[in-house]
Amino acid sequence: MPELPEVEVVRRGLVSWLRGRTITSVDVLDPRSLRRHALGVEDFIGNLEGTTVADVVRRGKFLWMPLREGLSSSPAGSTPGGTAPAVALMAHLGMSGQLLMQDPSVPDEKHLKVRLRLSQSEGMPDQLRFVDQRIFGGLFVTAMIPTDDGGPGGLAESPLPLIAEEAAHIARDPLDPAFSFDLFYARLRKRRTGLKRALLDQGLVSGIGNIYADEALWRACLHYARPTDKLRRADAERVLASAREVMLDALAAGGTSFDSLYVNVNGASGYFDRSLNAYGREGQPCHRCAAVGITSLIRREQFMNRSSYTCPVCQPRPRNGRW
DNA sequence: CATTCGTCCTGATAGC
DNA sequence: TGCTATCAGGACGAAT
């Protein structure tokens with residue numbers, strides 16, 4: 001399931017293939033993947049055809065491609081002096097979305113939703129395909145608007161002082177060099193909710209989904225129901241540092257994948273799931289407890305409509321916990 | 001305003 | 001065998 005590391009792996013994979021390529025035509029095989037494009041399929045296609053991809057940028061789990069009108073003026077890619085893109089093609093992978101570069105000879109994937117045909121370029125695939133089984137993800141066109149906080153950020157710092165409008169409300173992620181812990185902690189303390197809920201709130205800190213939330217909480221020895229309005233600064237620092245570590249490990253491994261729906265831009269599955277300590281390990285021994293001779297079994301609890309995995313020994317439930 | 005909850009989806013799997 | 005129930009969950013908008 002794509003969280004920040006997976007989306008970043010996709011972004012890195014796409015940028016060298018897409019920058020400077022012109023979108024020549026668009027096939028929409030399933031309009032449900034354009035649910036967030038309010039003006040409909042024809043408008044979506046009209047916005048894309050004939051434009052050139054200036055860059056591939058990310059904020060949290062949102063990935064977008066700023067578009068310039070007309071053909072690329074320099075085959076090598078972006079032209080710093082050119083007109084700033086007014087719109088971008090936005091992608092969110094949801095639960096099972098994939099962005100695949102493919103040659104036209106490759107048969108359509110079973111769950112192919114949208115195909116972009118690109119200007120031909122020596123040695124590069126000519127199609128970008130959006131494949132999505134569960135349709136929680138999607139594509140849409142969004143305006144590029146000025147931002148006063150230094151741009152999209154993340155590991156893909158854009159030279160443009162613009163951000164996609166539909167991602168403007170998303171907070172910076174823990175790997176973003178411009179991420180402010182002080183800002184995060186101040187906002188966290190004002191909330192009256194549980195720690196995991198806060199970690200999953202993309203407006204507070206982005207990029208963290210159910211898997212990395214559980215892994216970060218396990219590493220920090222904190223229970224998901226710890227009240228945010230009373231959390232000590234050291235605990236908040238520890239859980240953020242843990243999230244950063246887990247995501248960097250995943251990034252180094254090429255992204256996590258465990259339900260085999262998710263594959264990276266080249267179609268290869270990640271393998272980081274082997275090193276998960278909490279997520280999906282119900283009934284298995286806690287690795288940290290085992291290291292000191294204690295046998296404790298990871299427990300799974302329902303949290304809204306999702307599961308939370310914790311060690312009952314090293315992540316004790318707070319007496320005044322909040323969901 | 002802050003917070004919580006329902007909804008969108010498919011397909012693998014379990015149980016009868 | 002073939003049916004139904006359950007589960008996976010990101011993000012938005014409605015409800016509280």
Side-chain angles (χ1 to χ4, degrees), chain A residues 1-8 10 28-38 58-64 90-99 109-114 130-140 142 164-171 173 184 186-217 224-231 243 247 255-263 269-270 273 276 278-283 300-309 320-323:
Chain A
M1 293 153 206
E3 299 184 25
L4 185 155
E6 291 77 15
V7 179
E8 175 63 13
V10 170
V28 177
L29 291 88
D30 189 340
R32 291 177 300 175
S33 290
L34 304 187
R35 198 178 294 126
R36 287 190 66 180
H37 188 88
R58 179 183 64 75
R59 168 75 67 105
K61 304 173 206 169
F62 286 81
L63 184 76
W64 68 91
M90 176 72 84
H92 198 293
L93 301 178
M95 283 290 295
S96 53
Q98 301 167 240
L99 286 166
E109 292 77 8
K110 185 177 179 186
H111 299 292
L112 179 63
K113 305 299 184 186
V114 179
F130 181 70
V131 177
D132 190 12
Q133 180 202 109
R134 293 178 196 166
I135 327 185
F136 271 37
L139 303 181
F140 54 99
T142 180
E165 186 171 20
E166 298 279 332
H169 64 296
I170 301 297
D173 66 66
F184 166 78
R187 296 184 64 198
L188 182 76
R189 290 280 302 215
K190 286 179 188 159
R191 300 208 175 193
R192 297 180 56 82
T193 188
L195 179 55
K196 181 170 176 181
R197 228 185 247 281
L199 293 176
L200 294 174
D201 185 337
Q202 306 298 301
L204 183 64
V205 54
S206 71
I208 302 175
N210 201 41
I211 302 164
Y212 294 113
D214 278 3
E215 291 300 309
L217 289 165
Y224 58 79
R226 290 286 292 270
T228 53
D229 54 339
K230 299 189 193 72
L231 199 71
M247 293 196 291
T256 301
S257 175
F258 46 83
D259 76 357
S260 78
L261 286 174
Y262 176 78
V263 292
S269 290
D273 51 295
L276 293 174
Y279 188 87
R281 297 196 63 247
E282 182 182 18
R300 180 170 76 99
E301 292 164 292
Q302 284 303 119
F303 168 74
M304 300 287 293
N305 281 331
R306 20 188 79 64
S307 295
S308 283
Y309 298 88
N320 54 350
R322 290 205 187 91
W323 289 85

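Values below: all heavy atoms of this structure, side chains included; hydrogens, waters and symmetry mates excluded.
- Between the C1' atom of C/dA8 and the CD atom of A/E3 lies a distance of 13 Å, rounded to the nearest Å.
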Q: Begin from the C-alpha positions of A/E166 and A/R36 and carry the test salt bridge (charged side-chain N to carboxylate O under 4.0 Å, His left out) through to its verdict.
A: CA-CA 10 Å; A/E166 298 279 332; A/R36 287 190 66 180; 3.0 Å; yes
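- For the residue pair A/S96 and A/D132, a side-chain donor N or O sits within less than 3.5 Å of a side-chain acceptor on the partner.
- Each of C/dA11, C/dA8, B/dG11 was ranked by its minimum atom distance to the side chain of A/Y309; first place goes to C/dA8.
- Dashed line: the shortest gap from a side-chain N or O of A/R36 to OP1 or OP2 of C/dA11 is not under 4.0 Å.
- Taking side-chain N and O atoms only, A/H111 has a distance below 4.0 Å to OP1 or OP2 of B/dG11.
- The distance from atom CG of A/D229 to atom P of B/dC1 is 21 Å, rounded to the nearest whole Å.
- Counting heavy atoms from C-beta on, the side chains of A/L204 and A/R191 come closer than 4.5 Å.
- Side-chain atoms of A/H169 lie closest to C/dC12 of the nucleotides B/dC8, C/dC12, C/dA8.
- For the pair A/K110 NZ and B/dT10 C1', the interatomic distance rounds to 9 Å; values are reported in whole Å.
- Looking only at atom types and distance, the side chain of A/K61 has no donor-acceptor partner in the side chain of A/S206 under 3.5 Å away.
- Residue contacts shown for A/R300 are limited to sugar-phosphate atoms, with no base heavy atom under 4.0 Å away.
- In this structure, A/R134 atom CZ and B/dA12 atom P are separated by 10 Å, rounded to whole Å.
- OP1 or OP2 of C/dA11 has at least one side-chain nitrogen or oxygen of A/Q202 nearer than 4.0 Å.
- Toward the 5′ end of DNA chain B lies the nearest nucleotide of A/R192, the other residue of the pair A/I135 and A/R192 mapping further downstream.
- The side chain of A/F62 lies closest to C/dA11 when the candidates are B/dT4, C/dA11, C/dG10.
- An OP1 or OP2 oxygen of C/dA11 is reached within less than 4.0 angstrom by a side-chain nitrogen or oxygen of A/K61.
- For A/Q302, counting side-chain heavy atoms from C-beta on, the closest listed nucleotide (B/dT10, C/dA11, C/dA8) is C/dA8.
- A sub-4.0 Å separation between OP1 or OP2 of C/dA8 and a side-chain N or O of A/S96 is absent.
- Salt bridge A/D229/A/R192: present, at least one basic N to carboxylate O contact under 4.0 Å.
- With rounding to whole Å, A/L200 atom CG is found 14 Å from C/dA8 atom C1'.
- Between the side chain of A/E3 and the backbone N or O of A/I211 there is at least one donor-acceptor pair closer than 3.5 Å.
- Between C/dG10, C/dA11, B/dT10, one nucleotide has an atom nearer to the side chain of A/N210 than all others, and that is C/dG10.
- To the nearest angstrom, P of C/dA11 lies 20 Å from CZ of A/R32.
- With C/dA11, B/dT4, B/dC9 as the choices, the nucleotide that has an atom nearest any side-chain atom of A/T193 turns out to be B/dT4.
- A/R197 has a side-chain polar atom (N or O) that falls below the 4.0 Å cut-off from OP1 or OP2 of B/dT4.
- Comparing B/dG11, C/dA8, B/dC9 by their nearest atom to the side chain of A/M95 picks out C/dA8.
- Considering only side-chain N and O atoms, A/R322 lies nowhere under 4.0 angstrom from the phosphate OP1 or OP2 of B/dT4.
- Proximity of A/H92 to the phosphate of C/dA11: a side-chain N or O atom is located under 4.0 Å from OP1 or OP2.
- Between the CG atom of A/D201 and the P atom of B/dA2 there is a distance of 11 Å, rounded to whole Å.
- Atom CG in A/L139 sits roughly 15 Å away from atom P in C/dA11 (whole-Å rounding).
- On a pure distance criterion of 3.5 Å, a polar donor-acceptor pair joins the side chain of A/R306 and the base of C/dG10.
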